[in-house]
Amino acid sequence: MRVKVRHSTEYTYDQAVSRGLQKIRLTPKNSGGQTVVSWDTGVEGGTKELSYTDQHNNLVELLSIAPGTRTVTIVCEGEVDTSDTAGIIGQHGGYAPLWYFRRSTPQTRAGPRVRQLVRDLGKDFDDDPSRLHALSALILDSVSYSTGTTDFATTAEQAIEAGQGVCQDHAHILIAAARLMGYPARYVSGYLMMDDRVDQDAGHAWAEVHVDGLGWVGFDVSNGVSPDPRYVRVATGLDYGEAAPISGIVYGGRNESMVVQLQVQQ
Amino acid sequence: MANRPDVFDEMHGSGEACRSPYSGYADWFQRQGAQSLRKKSRDAEVFFRRTGITFNVYGQQEAEERLIPFDIVPRIISGREWSRLTRGIEQRVRAINAFLHDMYHRQEILRSGRIPVDVIAANAAFLPQMIGVEPPGGIYTHIVGIDIVRTGEDEFFVLEDNARTPSGVSYMLENRETMLRMFPELFSRVAVREVSNYPKLLRRSLAACAPPGCSGSPVVAVLTPGIHNSAYFEHAFLADQMGVELVEGQDLQLVDGRIAMRTTRGYTPIDVLYRRVDDDFLDPMSFNPDSQLGVPGLMDVYRAGGITVANAPGTGIADDKAIYSYMPDIIQFYTGESAILKNVPTWRCAEPDALAYVLEHLDELVVKEVHGSGGYGMLVGPAASKREISAFADKLKSRPGNYIAQPTLALSTVPVLTKAGLAPRHVDLRPFVLVSPGKIEITPGGLTRVAMKAGSLVVNSSQGGGTKDTWVLEE
């Protein structure tokens with residue numbers, strides 16, 4: 001399937017920025033099940049200073065924002081060919097060792113609530129994938145999809161306590177639980193083409209777990225499925241922070257507002 | 001002077017005769033009057049005060065700046081002894097660089113099972129941001145300080161490897177400068193190898209590690225956390241001696257994809273940054289977000305190949321005390337040779353058998369925190385009271401993985417000048433090593449630290465230790 005994406009993020013500041021840097025991870029990866037046909041990231045109100053590939057094989061670009069800037073617009077546009085691999089990305093590659101993906105981070109720390117969730121899940125499963133699918137379903141049961149309760153800094157424990165969350169929270173909970181169960185796990189930020197609409201509210205996020213024999217397998221808790229050809233993988237990391245599409249430091253520039261426009265279609 | 005028979009004195013050996021490296025000095029010394037030597041000793045102190053060598057001691061607020069005691073009797077090493085030491089140091093430094101490259105790439109040594117994965121996986125000194133990064137010239141540790149102790153004529157041990165930002169080289173230089181000024185005639189009698197070209201060699205070594213894109217003469221700068229840092233004097237001194245800029249984070253910013261410093265002629269991009277700021281504070285966008293000492297974007301520029309950071313971030317995984325005990329295996333694995341310089345036998349308290357042994361023998365052992373430095377938080381068993389030992393045992397039992405233990409070595413002594421004449425005091429040695437592509441240079445000598453209290457084994461300046469000039473004789 002050829003998925004076409006146009007993703008624009010516009011930051012507006014009431015008061016001009018005195019200086020800023022933004023790290024962007026917005027270029028999809030060529031990886032199991034997907035091939036990038038074309039991709040372009042354009043910036044207005046900022047300058048691309050450099051780029052490199054990080055420890056997760058993400059393409060990272062660094063933008064500087066000049067003094068006096070009031071609006072920064074980042075527009076990505078491109079096409080990605082995807083195929084159905086039943087959510088399996090394949091064997092682990094790259095220099096980052098698998099044990100690294102067992103490291104917990106502040107957002108994916110397994111506290112009492114994650115531990116309880118894993119106890120509730122039990123151990124009676126035929127194989128790893130069915131155990132992880134059951135975990136995914138249990139998370140969605142415990143934490144219903146709802147916007148507005150959590151934000152980008154919410155931890156897995158906090159989201160379980162709130163009982164509500166978005167795809168980012170679902171991914172963090174699954175990662176925390178999977179690591180507690182001994183699996184290497186990681187966060188994926190990307191795009192999902194919804195069948196019933198072109199305009200999307202936001203980018204999507206899900207989790208991948210490393211299973212012996214299969215390699216990395218994706219789990220989208222929010223939609224109760226493993227990724228299929230409608231999914232485009234962009235960046236991966238131990239948690240949201242390492243895979244965040246845009247992160248940075250802006251000095252001055254009070255009252256930041258952000259408008260995202262995202263179209264994903266065939 | 002009285003020497004303990006079980007302690008090796010570098011001037012007198014284990015007996016009364018003068019060892020040959022000291023014979024030239026001893027001849028001269030015997031002709032000096034006690035009074036004139038004491039006066040020279042006071043002059044040396046005045047000289048130090050004037051040149052401004054001070055050292056901030058943590059935990060002593062009333063004495064923020066204090067002079068490190070300097071003793072005018074040099075520590076002397078023969079050319080033959082030195083060449084053996086340098087072979088061992090070179091081998092060790094080669095192994096450390098190979099180990100660091102391996103840690104941040106294929107991790108063959110973990111695959112081979114020589115080091116348990118957990119030792120690295122659970123170690124905060126392992127820096128994920130360095131995974132897959134190729135530092136310019138393949139060099140991770142541009143400047144290394146290897147702490148060496150001696151226990152006999154041919155017995156040398158490495159106490160620790162300082163692969164992050166070893167300090168103390170300014171004392172090595174100032175100690176020599178002081179001796180040359182106080183006793184010029186001595187240096188015409190005894191052929192001592194030069195150390196004063198260290199800043200020149202340091203600059204050349206750093207410049208040789210410039211990023212591949214650098215054309216022309218590389219721009220080098222020293223990054224300091226600022227005047228409140230205990231080693232600020234050294235940062236300023238080295239920048240001055242090298243003829244390069246001393247900068248703080250606030251002087252630097254990202255300009256055209258490079259890290260540039262503000263000068264009177266606008267922004268100048270830096271090729272090689274000799275940083276004396278810890279990893280965690282280097283870049284608030286990649287590490288501690290609250291750091292004001294670093295430069296936002298520095299790590300990104302580094303990863304994109306636009307600057308050399310010396311030493312490379314993440315080198316702490318090589319000098320961590322938990323890794324130290326594996327050094328003989330590390331040397332064997334990467335060089336195919338046995339270690340020339342021995343390790344001090346080390347018990348890893350994380351291992352239950354080792355912990356049991358250590359708890360039984362706390363009164364004879366030195367116990368150190370795995371991540372500590374500067375002699376803080378350690379127990380010197382033979383010098384500790386029963387109460388101190390029992391309090392330490394509780395700490396040890398609650399977090400065994402945080403500690404390693406070693407036997408208390410009978411460190412060699414070198415005489416110091418006291419009011420009653422010469423008296424032996426325990427010493428260690430930190431030689432300074434410069435690494436650039438295809439080259440390892442070791443300054444002949446280094447920093448000799450001396451415990452100023454009779455019988456004390458703690459040489460750290462933060463614990464009242466002093467220093468001596470270190471002589472390596474021409475062969």
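Each chain gets a letter, A, B and so on, in the order its sequence line appears, and its residues count up from 1.
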Which region of Leu62(A), side chain (C-beta onward) or backbone (N, CA, C, O), has a non-hydrogen atom less than 4.5 Å from a non-hydrogen atom of chain B, or is it both or neither?
side chain
How about Val234(A) and Pro245(A): do any of their side-chain heavy atoms sit closer than 4.5 Å?
no
Using heavy-atom distances under 4.5 Å, tell me whether Val301(B) contacts chain A through its side chain, its backbone, both, or neither.
both
Heavy-atom cut-off 4.5 Å, strictly under: side chain, backbone, both or neither for Leu110(B) against chain A?
side chain
Please answer whether the main-chain N or O of Ala163(B) pairs with a side-chain N or O of Asn311(B) as donor and acceptor at a distance below 3.5 Å.
yes
Qualifying residues under side chain to side chain contact (heavy atoms under 4.5 Å, CB included), relative to Pro106(A), sequence neighbours excluded
none
Kindly confirm or rule out a cation-pi arrangement of Arg275(B) over Phe281(B), judged by NZ or CZ under 6.0 Å from the six-membered ring centre and within 45° of its axis?
no
Donor-acceptor contact present, side-chain Asn97(B) to main-chain Arg94(B), <3.5 Å:
no
Are any of the side-chain heavy atoms of Leu100(B) and Ile317(B) separated by less than 4.5 Å?
yes
Hey, mind stepping through Leu117(A) and Leu180(A) against side chain to side chain contact (heavy atoms under 4.5 Å, CB included) and telling me if it holds?
CA-CA 11 Å; Leu117(A) 201 70; Leu180(A) 184 64; over 6 Å; no
Would you give the length of the straight line joining atom CG of Asp161(B) to atom CD1 of Ile96(B), rounded to the nearest 0.5 angstrom?
4.0 Å
Pairing residues for Ile88(A) by the side chain to side chain contact (heavy atoms under 4.5 Å, CB included) criterion, not counting sequence neighbours:
Leu214(A), Val217(A)
Salt bridge between Asp278(B) and Arg164(B), side-chain N to carboxylate O under 4.0 Å?
no
At a cut-off of 3.5 Å, what donor and acceptor atoms pair up between chain B and chain A?
unit_1	atom_1	unit_2	atom_2	d
Gln107(B)	OE1	Trp99(A)	NE1	3.4
Ala121(B)	O	Arg103(A)	NE	3.4
Ala121(B)	O	Arg103(A)	NH2	3.4
Asn123(B)	O	Arg103(A)	NH2	3.2
Asp256(B)	N	Glu49(A)	OE1	3.3
Gly257(B)	N	Glu49(A)	OE1	2.5
Met285(B)	O	Lys23(A)	NZ	3.4
Ser286(B)	OG	Lys23(A)	NZ	3.3
Asp300(B)	OD1	Lys23(A)	NZ	3.4
Asp300(B)	OD1	Tyr52(A)	OH	2.4
Arg303(B)	NH2	Gln55(A)	OE1	2.5

Here the gap from Leu273(B) atom CG to Thr308(B) atom OG1, rounded to the nearest 0.5 Å, amounts to 9.5 Å
Quick one: which residues of residues 206-219 of chain B reach chain A at under 4.5 angstrom, heavy atoms only?
none
